[in-house]
Amino acid sequence: MEQKILSLAAEKKSDALQRYLQTVKDAELVNLITKHAVSGKEHGALLRGIFKGSPCSEESAVRRRVAIYKHCIELVESGDLQREVAAEIVGLLMLEVHHMPASSLLELSNLFLDAVKAGNLSSGKSLELFPNLMKAVSSQETLVYGNGELTGDECKKQIINSLCSSRWDPKCVIFLTSMFRDVLLSTEELQFVVEKVLRLLSKVDLQEMPPLVYQLLLLSAKGSKKNILEGVISVFNELDHQLMVEEKNEDSLDLIDATLPKEQLRQVEGTIILHIVFAIKFDQDLGRELVKTAQHGDSSKFLCPFSVALLLSVSRIQRFEKQVFDFLKSTILKGFKDFQFQQGSKFLRDLVPQPFCVSTMLLEIVKNSVFGWDHVTQGLVELGFLLMDSYGPKVLPGAKVSETTLGSPGQQASQLGSRILLETFKGSSSKLTSTFDHLYQLPFTTVLGLLKALQPLLKINVSVRDNVILVLRKAMFASQIDARKSAVAGFLLLLKNFKVLGSLSSSQCSQAIGASQVLVDVHTRYNSAANEAFCLEILGCLRRCLSQQEDIRRILYEGFYDVIRRNSQLARPILHTLVAQLKKYYEPEPDLLPPLKLERCITAQKEQIILQEPLAHLLSSIHCCLSWYKQRSSLLQEKGMDEDDDEEYMTCQQEIDEILESITRRMTKCDLEEFELDKSADFSLSSGVGMKNYNYAVLVMGICEVLIEYNYSTADFSKSKFEDILGIFKCYSKLVDILKDKSAKGKSAGSGKAYRSLLSMGFVSTLLTALFRDSTKVHEESLGVLRSSLDFMRYAVNIALQKIQQLKDTGVTDGPDGQNSDRMFHCVCEITRVLMWRYTSIPCAAEETGKKDKGKNISLLCLESLVQIFQTIQLHYQPKISQFLAALDEEDEREAGDINVLEKSTSLITQFQRSLTNQLSSGEDEFNSKEAVLLVSVLSTLYRFLEPSSQQFVQMLSWTVKICKETDLEDVQFCKGIMTLLFNMHSLFKSPVSLLRELSQDIHGHLGDIDQDIEVEKQSHFRIVNVKTAAPTVTLLVLGQAAKVLDEVDWLITKLKVQLSSEKLPAEGDTQATDPREPVEKAIILQLGTLLTACHELVQTALPAGSCMDTLLKELTKMYTVLTSVVKYYLQVCTSHAAKIPNRFEKLVKLSGSHLTPQCYAFITYAQSIQSESMSGEKKKKEEVAGISTAKILRDTKPIPNLIFAIEKYEELLIKLSKKSKVNLMQYMKLSTSRDFRINVASLDAALKEKDSDEENEASNEQSVSEQNETQEPKKKRRKK
């Protein structure tokens, strides 16, 4: 049979072929086709012959064609055919489909629909026919579809709609998505298809996701790029969230419940990111759509670990690099700002859910990058450096960082950058090599942080460590001083981390060790010989630094102490090195004064005299190293672990003690003249002599402090030693007084450079404890020597204050253990305990009685120190607050973990509340303003220890409100402090708008009305507000809070606009749907309404010219700007959602029209009159002042036009909203007064009355003159000049 068909087809005998095929049954043809297709022989020719003999003009032939099509589709999907055979069959079917009649096309279309619904598409090969089928359908003029007729295009739409509405088997999704690439789709059809596939993306197996996303990306060439990108990101965001929930609950989940294998998911995500980046390289529009979606979409929905990882990967494409990093940088900073903004306001926290933490998200990406995401790692490293570079501190190392900067969004972003780098390098050490090549070009602080972070890696990775050593050696000889400082710090860090167990002699230390000798196999647990050689080599390098600049030597001296503590076997060579350096400046003759050769410590550099040798730091290093080593030896002796100290070391120790004793003895005998210093000498830095004298003075002061600490540590409460200490302190005090005196007289001693004490924090803690708390009878006589000097006790507290201030500002202190956070915390706890006892035991008032001392009150200094301590704990030791509070209570022996922080904080707060209450009840004569202000500062920090939702917080807030309501003091500083505390606490409890309204009424009552004829009823909600404090203090605080409220409202409006733009339109007739934005809208309008009534009071207040008036005008402008934003929002609502504006908004507009706008114009008139008076007053003084600057006039008059513009913009948009909403909102607004020409009726009446009275006076004067002229000669008239 097959031969007959093939021969007839080959002979081109169509009629004979048609007649023959009519005699053959369809079943026989089907079997024949199956036989040839499976064998792979002559199947193509057979099919062509059958189609040739089955013309579409005959009904039986059409039925035969349809039967063949159905069978071939089943055959192709069966999987029994070879790939080439199946492809050829489908190709033949595609060629013939356009000849099929309309009814057959619909029949075949239904065949595919049924196959999809039944899930019978095992290979999906037959789906290649469907696009041609749809093209053939759409080319038909009309088709009978159902009970009616449709055009070809409409019929195609119906088929695609049916296909996408039916259930797809997950295994068919990839085939179907690939098929739609070749189907001609309209925009709506494409969107329908994309939405269908995206819904199924989360349901397919993980391993099926990459190919499906790949097909979607190919489909994006047709359009719907935004939908595809957002959909893919949304799916993986949901999967990441599901995985996070499973990991959180992994303890409570059974293994069967865990549905997401983490490693597989991360590998799938990495593959898909690669697919998208590859697609963007070929289709730049897809990349532009991704960046656009990120920049203008709802960040709360778009940002997730997957999307950010995708962006970081896309950043490798040069065209998108800047856009991506700019977006990420701004988003990270905005995230921190929003979080901080929200945390500071209970009002916002109640309305808006807490956003996803940016830091957590980025660090999660770093963790994920270990699963083969190399394409993401490069972007992470660049982002880390970019954050550090953009938001890192721009101050010098060790310089002060303000409290606002510390913990600010910028600083948090910088810290995040460093954490990203640290975690990335931990996971991928190979990325470090290129970074090290530029190490010495980085700022000193950055290098220090990087090396500290790499400590664990340096111990286990030989190549990394060798690379670091080579770079540090290069840096040691670099021309930039920062590079050499980095080298010294780096080498010291290495010395601390490579332990030496055996003892080292100084002779060993002096040996030159070559690089070839230092081959440390750090993979073994411990290699003493290698570490010893390594450390000796480094010490040899560091010894060269003793001839370099003062900064480098100082870093070396301060670092040696930390090295000895961590690597005690290096103590002897280090001490030998330091003593050898000291001998260069030490005068060995026991009777010669001074004991040190200061002239060798300075050097001339061009016209400047600079310090070359920080001799005091050298002495301090020797004392600290020796003191620590002695303590260690004594502890080992107590434990029976005595070390065999060699004779060489004992000789060195004895020599150091003798040198320091000799220096002490001679320093007590020295006058200032011995150091070529005198009271009348020049100490300015503008001349060579002054620079020399200043450097000498600083050196001597530092040496005195080191000797004080040394003698105290070796005194063992000896009276004679303590007398020596006072003798040294006397020398120190003289120099301090001279420098203060020169500075006070404007001779700029040291150009205001603050001298930093060399006393260690540990010694300060020990000294204060001895001075104030040591009640041991045996020590009483010796300590009495030190206690007899008020100046010395004041000095001790002052140094504690200075050290704590430095710790707060920089996070570290000078001296030993200054960078050891735990040790500093321990010292702070001890100092706090002593200062608390001193302040509470001897109040300021008691100390002042009968004292005629010119220095600061010690109790007041203690209180000032406590302020700094509490702020330091809040800034740097937040996780250790429980330990801190436990350390303050000596009687409580509980562990820190058992301490109730709330209870202890409340107890501490109560002590200071009691002190402040006593101050306020003491009467104005005994009221100490400084102490009261400091007490408020203490409370302003301690309230942060309380949970805002706790009852204790509410009690403290109530107490603060009571103080403000009942205290009638005219102390401006106290008023500012207590009001700031009130506002800060109130914001954490609830919105302060009602508070602002009451305060505004008080201000209005005390300052009067802008209309002098109106007498304002004095309301006294808060007695702290009085004539002296109302302006500018309270007014500026109120306006500052008003600005904060407006910022919060504006922030909420922005959130609402983003939420509105991402919302889907409600279905027609759906009136039951709840509006998720309604609670926020209601809160916004309530806030603005209450704030508007507060502004209503202030805008009628007779404020003085200056800051109060200018600030009020600016805040009124901001108020109208925010009102305009609300109007714009409702315009967007009416335009996109065809919704009605709520009644509450209408009431707000009415309130603004009746209570604000008219008063604003009256206030503008008042402000202009006040400004003109002040300007005329300045014109009268033009003999003293050359004239009024144009800039000042412009600055004073600019707020008024800005306010007028804001009002008019608000009214303009109200008109638009009225038209859009069909609600006449302008009925509540009065017409604005013209500024170009206006008549003030009251002023005009007053001027006319004055003119009438002048005319009457002139008439009477003329009459009297005429009567006089009759008897006297007329006087000569003066000319008007």
Side-chain angles (χ1 to χ4, degrees), residues 623-624 626-640 642 653-654 656-658 660-665 667-668 704-733 757 759-800 803 815-817 823 826-842 846-847 858-859 861-862 865 887-893:
H623 157 62
C624 293
L626 183 63
S627 178
W628 180 84
Y629 200 77
K630 284 180 181 178
Q631 288 178 8
R632 178 178 175 274
S633 298
S634 62
L635 284 172
L636 289 173
Q637 284 177 6
E638 289 175 10
K639 294 178 180 178
D642 189 14
Q653 178 183 329
Q654 187 177 354
I656 292 172
D657 283 329
E658 286 174 359
L660 292 176
E661 291 288 347
S662 176
I663 294 173
T664 301
R665 187 177 64 255
M667 283 293 289
T668 55
C704 287
E705 288 196 314
V706 174
L707 292 175
I708 288 171
E709 184 168 343
Y710 168 75
N711 281 280
Y712 187 91
S713 64
T714 58
D716 195 20
F717 293 93
S718 163
K719 185 177 179 181
S720 61
K721 281 278 190 180
F722 284 179
E723 287 170 350
D724 287 344
I725 288 174
L726 281 187
I728 297 167
F729 175 69
K730 185 178 178 183
C731 177
Y732 172 87
S733 296
S757 172
L759 296 184
S760 66
M761 192 74 156
F763 171 68
V764 172
S765 168
T766 304
L767 181 62
L768 287 174
T769 306
L771 289 174
F772 297 133
R773 298 301 308 274
D774 193 336
S775 56
T776 310
K777 287 288 183 183
V778 182
H779 301 164
E780 190 173 340
E781 184 181 0
S782 56
L783 284 174
V785 174
L786 299 180
R787 290 169 179 169
S788 64
S789 172
L790 275 178
D791 285 339
F792 185 76
M793 292 206 293
R794 190 180 294 114
Y795 158 76
V797 181
N798 256 320
I799 297 301
K803 291 283 180 184
D817 292 319
R823 179 63 183 154
H826 177 70
C827 292
V828 167
C829 291
E830 288 187 352
I831 291 171
T832 309
R833 192 162 56 237
V834 174
L835 296 182
M836 278 285 293
W837 180 89
R838 177 63 173 76
Y839 174 71
T840 52
S841 301
I842 308 175
E847 188 179 328
I858 293 178
S859 289
L861 274 174
C862 291
S865 303
L888 296 189
D889 194 346
E890 295 173 310
E891 297 176 1
D892 196 338
E893 297 180 353

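Because only heavy atoms are used, hydrogens play no part in the values below, and waters and symmetry mates are left out as well, while side chains stay in. Computed from a predicted model, the values in this text were never measured in an experiment.
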(message) Taking the basic N atoms (NZ, or NE/NH1/NH2) and the acidic carboxylate oxygens, is any pair closer than 4.0 Å for Arg787 and Glu780?
(response)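 Here Arg787 does not pair with Glu780 in a salt bridge, since their nearest N and O are not under 4.0 Å apart.
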
(message) Taking Arg794 first and then Asp791, would you say they form a salt bridge - that is, a charged N and a carboxylate O separated by under 4.0 Å?
(response)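 Looking at Asp791 together with Arg794, the answer is yes, because their closest N to O distance falls below 4.0 Å.
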
Expected output: side-chain [X] to main-chain [Y] donor-acceptor under 3.5 Å:
| X | Y | answer |
| --- | --- | --- |
| Ser841 | Arg838 | no |
| Thr668 | Arg665 | yes |
| Ser760 | Pro816 | no |
| Ser662 | Glu658 | no |

Are side-chain heavy atoms of [X] and [Y] found at a separation under 4.5 Å?
| X | Y | answer |
| --- | --- | --- |
| Val834 | Leu771 | no |
| Ile663 | Tyr710 | no |
| Glu709 | Tyr712 | no |
| Glu705 | Ile799 | yes |
| His826 | Asp817 | no |
| Trp628 | Cys624 | no |

Look up atom [atom1] in [X] and atom [atom2] in [Y], then write down how far apart they are to the nearest 0.5 Å.
| X | Y | atom1 | atom2 | value |
| --- | --- | --- | --- | --- |
| Ser757 | Tyr732 | OG | OH | 6.0 Å |
| Thr776 | Leu783 | OG1 | CG | 8.0 Å |
| Thr832 | Trp837 | OG1 | CH2 | 15.5 Å |
| Met761 | Arg823 | CE | CZ | 10.0 Å |
| Leu726 | Ile708 | CG | CD1 | 8.5 Å |
| Lys803 | Ser865 | NZ | OG | 13.5 Å |

(request) Let me see the working for Asp657 and Leu626 under side chain to side chain contact (heavy atoms under 4.5 Å, CB included), right down to the final yes or no. (result) CA-CA 9 Å; Asp657 283 329; Leu626 183 63; 3.8 Å; yes

(request) State whether the number of non-hydrogen atoms from other residues, nucleotides or ligands found under 6.0 Å of Lys730 atom NZ is greater than 12. (result) no

(request) Kindly assign one of parallel, tilted or perpendicular to the pair His779 and Phe717, based on the angle between their ring planes and the thresholds 30° and 60°. (result) parallel

(message) For Phe729 and Tyr795, take the angle between the two ring planes, folded into 0 to 90°, and tell me which bin it lands in: parallel under 30, tilted 30 to 60, perpendicular over 60.
(response)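 Because their plane-to-plane angle lies in the 30° to 60° range, the rings of Phe729 and Tyr795 count as tilted.
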
(request) With sequence neighbours excluded, tell me which residues meet ring-ring contact (aromatic ring centres under 6.0 Å, His included) with Tyr839. (result)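 Applying ring-ring contact (aromatic ring centres under 6.0 Å, His included) to Tyr839 gives none.
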
